[in-house]
Amino acid sequence: MTFKLSSMLLGLGIITLGLTSCNSISGSNGDKEAAVPTDTTKITILQTADIHGQLDPHPELFWENDSIIFRDRGGLAHIQTLFKEEKAKNPGNTVIIDGGDLIQGSGYAALSEGAIFPDIIKNMDYDLIVPGNWEVVYGKEVMMNVMQGFEKPIIAQNMFHDDGEKKELFPPYWIKEIDGVKLGFIGINDPDVPVRQNPIFSEGIDFSGIDDSVKDLIKKVKHEEGVDALFLVTHFGIFKQVELASNPIVKDVDYILGNDTHERVREPIQGKYARVTEPGAFGSFVGKMDLYFVDGKIVKEDYELMDVDPEKYPADPQIAELVDKAKEPYEEHLETVVGYTTTPIYRYLTVENPMDNMITDAARWKTGADISISNGFRFGNPIVPEDGKPAPITRANLWNLLPVNEKVKTGKATGKQIKEWLESEMHNAFAQVATERFGGWLVRFSGMEVDFNSQGKKGERINSVKVNGEEMKDDEYYTISACVRPGDPLDNLCRMPNVKDVEVKDYYIHDVVEEYLRENSPVSPKLEKRAYCEHLGPNSFSTVPGTDYEFH
């Protein structure tokens, strides 16, 4: 049986954030100089997350002084140098974790179906790996082969063979003892994988949610195994992870090392029972936590979100050589230039992004549909013009923008259907109850102008919807294009059900964007208020209800 995380959390009676922690920790970010006894054991935990197949340094977006700026960050060889330097500062007392979504998200990952990664990852200094929601993208068998090739411990408490016996795919937890301090780690993947991803990806895998099995496992690891500090390494997003931190089910948990939503948590978020981290994405950042123990108790914490600056951390020669070798069979094809842009292309905002505007414009240009839609997420490294010259767009960039290449699908829906679907998508992105959020980013589109109130009630957020400058009519049919999601019903378009006159085209979305770029380069995508909310403004990054967290 598959359990849904949101319903299980609600059923367990989550307590709202804002309460004082029962596990008081001195010396967190605001108190770096707190006194530490001399008989202290210092343990360092380094965490990466959501690398999404990014092998090399790349432009990264930062929000500073109310402006978007770009800096080069990331690269696996540079991450390895950071690992080595940090391990040297605390020899033998450092644990390095990746929280999932490692093997998908780039052209090199997709064309090799993840096969480029085992040789690289097994030679990096990772101690522990947790699968994410995208690890299933190439199918169960490929996922298992790739991850086993890492030759590292892999844990996931809630992934099972879908064979009626509920046999675990991976061990549910991992224990590491350092200088007499016993650390326990429990891995939990997103139970909504079969819904969030194309359903066909996870065939043969069953998922459970935050249910009694999690409660029982926490009790076992904490009390029967006798760990001094207990960590949940979770991959289901900042909203649900923060909510879980105040659920009595985690009263014996010290930290939730979160992943999935690409958030840049620069100071752990305190729940009633546990503290939550999340270390950005694309290998641009590494979360560093120094914990100080006396007699098995945490007495002090220092946390830092470290930038992987390739100038500060030169490439590790061994990993750089393995990366070059991995890229070689695909490099000529992927580094081919397919177009140019005069404006930065990025996808970090919750409502509208230049990257999605270009993709949906291309789909509407090709299909002639009234409206073209694309799923909302935070994928894709920015493409940034320099020195006043248009920036080239390569096939590698295209795979970063569209990490799954599916056929285009068209159909017809009434204005009433479209509005109901938009209301559902808005609730997924902006629900004030964190467990009701699904992803956290609004669906993207071309051909519509939507004015809405993110703070409105469920089903009552839309102020107006216009198509071709005119108010959408409830009883009129509009043509729509989207991408096929294998495993979905034929009459479903991007989670919109009961669409009429559905047609699956004989071309793929990558072909559409390449053709559009050949005909229209250089393009200049920008924010156009296709979807606009006065409360959020044009530059809306993530919001986490009940906290003062800000993305920057």
Ring geometry between His58 and Phe282 (parallel below 30°, tilted from 30 to 60°, perpendicular above 60°): perpendicular

Heavy-atom pair with the smallest gap, counting every atom of Pro486 and Asn198: CD-ND2, 3.0 Å

Residues, nucleotides or ligands: over 12 heavy atoms within 6.0 Å of Lys140 NZ: yes

Among Trp174, Tyr255, Tyr173, the one residue meeting ring pair (Phe, Tyr, Trp, His ring centres under 6.0 Å) with Phe185: Trp174

Close side-chain approach of Val404 to Phe201, heavy-atom, < 4.5 Å: yes

Side chain to side chain donor-acceptor pair (under 3.5 Å) between Gln47 and Thr277, intermediate numbers included: CA-CA 9 Å; Gln47 178 190 1; Thr277 67; 3.1 Å; yes

Whether Ser202 side chain and Ile205 backbone form a donor-acceptor pair below 3.5 Å: no

Stepwise salt bridge (Lys or Arg N to Asp or Glu O under 4.0 Å) check, Asp192 with Lys240: CA-CA 12 Å; Asp192 288 326; Lys240 294 171 184 175; 3.5 Å; yes

Plane angle bin for Trp63 and Phe541 - parallel if under 30°, tilted between 30 and 60°, otherwise perpendicular: tilted

Stacked cation flag Lys166 on Phe160, 6.0 angstrom / 45 deg: yes

Over all atoms of both residues, closest heavy-atom pair of Val408 and Thr367: CG1-CG2, 3.9 Å

Note: Glu243-Arg437 ion pair, threshold 4.0 Å (strictly below): no

Polar contact flag, side-chain donor to acceptor under 3.5 angstrom, Thr350-Ser540: yes

Side-chain heavy-atom pair His552, Arg266 within 4.5 angstrom cut-off: yes

Donor-acceptor side-chain pairing of Gln417 and Asn498 below 3.5 angstrom: no

Flag side-chain contact, heavy atom, 4.5 Å: His78 against Pro57: yes

Side-chain touch Thr48/Phe83, heavy atoms, less than 4.5 angstrom: yes

Atom CG of Asp548: over 12 foreign heavy atoms under 6.0 Å: no

Short side-chain to backbone donor-acceptor contact, Glu278 and Thr261, under 3.5 Å: yes

Tyr108 side chain reached by Trp399 side chain, heavy atoms, under 4.5 Å: no

His262 and Trp441 aromatic ring geometry - parallel, tilted or perpendicular at 30°/60° bounds: tilted

Side chain proximity check, Ile373 to Thr360, heavy atoms < 4.5 angstrom: no

Short side-chain donor-acceptor distance under 3.5 Å, Tyr348 and Glu60: yes

Derivation of the side chain to side chain contact (heavy atoms under 4.5 Å, CB included) call for Asp216 and Lys220: CA-CA 6 Å; Asp216 293 343; Lys220 175 182 177 180; over 6 Å; no

Arg264 to Phe62, cation-pi by 6.0 Å centre distance and 45° axis angle: yes

For Ile186 against Gln157, the heavy-atom pair lying closest together: CG2-CB, 4.1 Å

Worked verdict on Lys409 versus Asp488 for salt bridge (Lys or Arg N to Asp or Glu O under 4.0 Å): CA-CA 12 Å; Lys409 187 177 183 181; Asp488 273 355; over 6 Å; no

Test item: Asp50 and Asn259 side chains (from C-beta on) under 4.5 Å apart, heavy atoms: yes

Distance-only polar pair, side chains of Ser446 and Ser372, donor-acceptor under 3.5 Å: no

Salt bridge (Lys or Arg N to Asp or Glu O under 4.0 Å) between Asp356 and Arg444, worked out: CA-CA 6 Å; Asp356 299 292; Arg444 316 290 158 69; 2.5 Å; yes

Atom NZ of Lys219 with >12 non-hydrogen neighbours under 6.0 angstrom: no

Side chain to side chain, Leu244 and Ile210, heavy atoms closer than 4.5 Å: yes

More than 12 heavy atoms from other groups under 6.0 Å of NZ on Lys412: no

Atom CD of Glu550 with >12 non-hydrogen neighbours under 6.0 angstrom: no

